[in-house]
Novice: 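Okay, handing you the structure first.
By convention here, the first residue in the shown sequence is residue 1. Remember, predicted model here, so these are calculated numbers, not experimental data.
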Amino acid sequence: GSPVHPERWGIGSGRYDGRTAAEWSARLGDPDPVLRREAVNALGAMPADAPDTVPQLAGALGADSDPSVRAAAALALSKLTPHSAPAVEA
């Protein structure tokens, strides 16, 4: 079989790595920056959920205390265009 597992990326399933966008979004408030960064990366890989998750990713970009989470949020938002365009306009 193929080593590619589309379900991991949420293709057609509304999930990434077995979790929904809502479950990943809940992790954005975790005190552990590694878990927050993991959540940001997951949300950036779920374009079907972008209309709901872009505001949360924009919040992480602007306010997270950890620079690696902010950097991951910037990358995630770049993957979610055109939905993310209003959130990142200068």
Novice: Over all heavy atoms of both residues, which pair between Leu77 and Ser84 is shortest? Give the atoms and the distance, please.
Specialist: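 Looking at all heavy atoms of both residues, the shortest contact is O-OG, 2.6 Å.
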
Novice: Which atoms form the tightest heavy-atom contact between Ala76 and Gly44, and what is the distance?
Specialist: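 Taking Ala76 first and Gly44 second, the nearest heavy atoms are CB-CA, 3.6 Å.
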
Novice: For Val69 and Pro33, work out which heavy atoms get closest and say how close.
Specialist: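 Residues Val69 and Pro33, closest heavy atoms: CG2-O, 3.5 Å.
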
Novice: Say you draw a straight line from CG of Leu35 to CH2 of Trp24; how long is it, rounded to the nearest 0.5 Å?
Specialist: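 It comes to 8.5 Å.
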
Novice: Taking all non-hydrogen atoms of both residues into account, name the closest pair between Ser25 and Gln56 and its distance.
Specialist: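 Taking Ser25 first and Gln56 second, the nearest heavy atoms are OG-OE1, 2.6 Å.
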
Novice: So, using side chain to side chain contact (heavy atoms under 4.5 Å, CB included) as the criterion, who are the partners of Ala21 when residues are at least two apart?
Specialist: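 Here the qualifying residues are Leu43, Met46, Asp49, Thr53.
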
Novice: Could you state the interatomic distance from OH (Tyr16) to CD (Glu38), rounded to the nearest 0.5 Å?
Specialist: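 Atom-to-atom, Tyr16:OH and Glu38:CD are 8.0 Å apart.
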
Novice: Measuring from atom CG of Leu61 to atom CZ of Arg70, what distance do you get when rounded to the nearest 0.5 angstrom?
Specialist: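 Output value for this atom pair is 8.5 Å.
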
Novice: Using a 3.5 Å distance criterion without hydrogens, assess whether the side chain of Arg27 forms a donor-acceptor pair with backbone atoms of Asp30.
Specialist: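 A pair under 3.5 Å: no.
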
Novice: Just to verify, what does Arg36 make a salt bridge (charged side-chain N to carboxylate O under 4.0 Å, His left out) with, not counting sequence neighbours?
Specialist: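 Applying salt bridge (charged side-chain N to carboxylate O under 4.0 Å, His left out) to Arg36 gives Asp64.
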
Novice: Working to the nearest 0.5 Å, report the span between CZ of Arg37 and CG of Asp32.
Specialist: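 If I round to the nearest 0.5 Å, the distance is 8.5 Å.
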
Novice: Shortest non-hydrogen contact from Ala72 to Asn41?
Specialist: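 It is CB-OD1, 3.6 Å.
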
